[in-house]
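Report on one structure; see the data block that follows.
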Protein chains: 2
Amino acid sequence: MTTTQELTKNQSLVFNALARADGPLSAYTILDQLRGDGFRAPLQVYRALDKLLDYGMIHRLESINAFVACSHPHEHHHSHGMIAFAICDTCGQVTEFSDEIITGRVRDWTNSNGFKQSKTTIEIRGVCGNCASA
Amino acid sequence: MTTTQELTKNQSLVFNALARADGPLSAYTILDQLRGDGFRAPLQVYRALDKLLDYGMIHRLESINAFVACSHPHEHHHSHGMIAFAICDTCGQVTEFSDEIITGRVRDWTNSNGFKQSKTTIEIRGVCGNCASA
DNA sequence: TTGACTAATGTAATAACATCACATATCGAA
DNA sequence: TTCGATATGTGATGTTATTACATTAGTCAA
């Protein structure tokens with residue numbers, strides 16, 4: 001398995017838009033950025049986003065309806081830990097981290113309750129260090 | 001401070017709709033349920049939901065754009081722990097729990113990164129024990 | 001090559017979720 | 001009673017996401 005997925009044209013366009021952005025983008029923001037590349041409809045973006053999510057190359061931030069490129073593309077987290085996101089409501093910056101203990105505690109809960117987890121979202125909203133001190 | 005908030009008419013209607021539901025409801029589902037009570041516009045629902053969220057009487061589930069009545073109305077969690085939700089994608093049932101260790105780990109991370117958290121979302125999606133064994 | 005299958009794409013329409021802007025009403029305190 | 005704060009009513013609009021259907025492109029076996 002290669003590190004990088006083989007992407008189609010639309011998938012590459014969408015991924016690059018996210019990769020060059022300095023923060024999360026909404027699907028419609030991506031659409032607008034790609035109109036010059038021939039994008040005309042939301043579905044062109046959403047289909048690409050779905051695949052990129054499958055491939056683990058991007059993340060969806062549920063609490064702000066937006067998407068970011070994965071900041072640790074080399075670690076293949078799928079196998080083990082879940083990822084937490086700290087989202088600054090002032091500057092929009094997103095920081096990604098994972099924590100074995102949190103992952104373990106969640107797994108403990110699901111195991112003891114017979115709950116089969118498929119995806120776990122952890123999003124911390126607030127103000128980042130930079131913005132707080134400014 | 002009383003255990004129960006003094007609610008306005010619209011707030012009561014919305015809260016009761018959520019309290020008698022056996023799972024999360026979307027704002028528009030609530031609207032439809034309350035048309036008989038004179039509700040006509042989304043804003044009537046959203047305004048009530050905002051207040052109920054403020055009061056800590058309900059929760060918003062970010063990953064499914066829906067709302068639930070708080071299942072532990074007596075514990076005043078605001079002070080200490082954050083709440084995690086396990087959401088069954090099959091039956092829609094939501095289970096609420098809190099975990100001191102997870103709360104602590106998140107606080108450790110925010111403290112060491114100078115991040116001032118205002119709200120943290122933890123949502124576990126999957127299939128509950130009942131549905132998994134069925 | 002043809003045919004058949006699968007994946008990707010294009011497009012319009014619509015559904016689902018949420019807020020803005022502005023008018024009106026209610027209620028308590030000065 | 002007048003003022004200010006809170007709550008409400010209503011229409012229009014903004015934002016996010018999906019459905020439905022048509023078309024194109026690539027793969028592979030007969």
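Labels below follow one simple rule: chain letters A, B, ... track the order of the sequence lines, proteins then strands, and each chain is numbered from 1. Since we're looking at a predicted model, the values are computed, not measured.
Of the candidate nucleotides C:dT19, D:dT18, D:dT10, C:dT19 has the atom nearest to the side chain of B:Pro42. With distances taken from any side-chain atom of B:Arg47 to the nucleotides D:dT8, D:dA17, C:dA18, the minimum falls on D:dT8. Residue B:Ala41 places its side chain closer to D:dT10 than to any other of D:dT19, D:dT10, D:dA7. With distances taken from any side-chain atom of B:Lys9 to the nucleotides D:dT8, D:dT16, C:dA8, the minimum falls on D:dT8. For B:Arg60, the side-chain atoms get nearest to C:dA18 when compared with the rest of D:dG9, C:dT11, C:dA18. Set against D:dT16, D:dT18, C:dA8, the side chain of A:Lys51 has C:dA8 as its closest nucleotide. Among C:dC20, C:dA18, D:dT8, the nucleotide with an atom closest to any side-chain atom of B:Gln11 is D:dT8.
Salt bridge status for B:Glu62 with B:Lys119: present, with a side-chain N to carboxylate O gap under 4.0 Å.
What you find for A:Cys88 and A:Val127 is that their closest heavy atoms are SG-CA, 4.0 Å. The two atoms that bring A:Arg60 and A:Phe67 nearest to each other are NH1-CZ, 3.1 Å, heavy atoms only.
Protein atom CG of A:Leu31 is 14 Å distant from nucleotide atom C1' of C:dT9, rounded to whole Å. Following rounding to the nearest Å, B:Leu61 (CG) and C:dC17 (C1') show an atom-to-atom distance of 15 Å. Separating the CD1 atom of A:Ile30 from the P atom of D:dA17 is a distance of 10 Å, rounded to the nearest angstrom. Following rounding to the nearest Å, A:Leu34 (CG) and C:dG10 (C1') show an atom-to-atom distance of 15 Å. Computed from coordinates, the B:Ile64 CD1 to C:dA18 P distance equals 11 Å when rounded to whole Å. Atom-to-atom, CG of A:Asp37 to P of C:dT9 comes out at 13 Å; the value is rounded to the nearest Å. Rounding to whole angstrom units, CG of residue B:Leu43 and C1' of D:dT8 are separated by 9 Å. If you measure from atom CG of B:Leu52 to atom P of D:dT6, you get 17 Å, rounded to the nearest angstrom.
Close to D:dT16, at under 4.0 Å from its OP1 or OP2, lies no side-chain N or O of B:Asn65. Checking the phosphate oxygens (OP1, OP2) of C:dG10, a side-chain nitrogen or oxygen of A:Gln44 falls inside 4.0 Å. Taking only side-chain nitrogens and oxygens, B:Thr8 never comes nearer than 4.0 Å to OP1 or OP2 of D:dT6.
The aromatic rings of A:Trp109 and B:Phe97 lie parallel to each other, with less than 30° between the two planes, well short of the 60° mark.
Between A:Phe39 and B:Thr29, the one whose closest nucleotide on DNA chain C sits nearer the 5' end is A:Phe39. Heavy-atom nearest nucleotides on DNA chain D were determined for A:Phe67 and for B:Gly38, and the one closer to the 5' end corresponds to B:Gly38.
The aromatic ring of B:Tyr28 sits over the base of C:dC17, with ring centres less than 5.5 Å apart and planes tilted by under 30°. In this structure, B:Tyr46 does not count as stacked on the base of C:dT19 under the 5.5 Å centre distance and 30° plane angle limits.
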Stepwise salt bridge (Lys or Arg N to Asp or Glu O under 4.0 Å) test for A:Arg47 and A:Asp50
CA-CA 5 Å; A:Arg47 285 201 275 229; A:Asp50 283 346; over 6 Å; no

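Taking hydrophobic clusters as Ile, Leu, Val, Met, Phe, Trp and Tyr residues chained together by side-chain heavy-atom distances below 4.5 Å, A:Ile83 does not share a cluster with A:Ile101.
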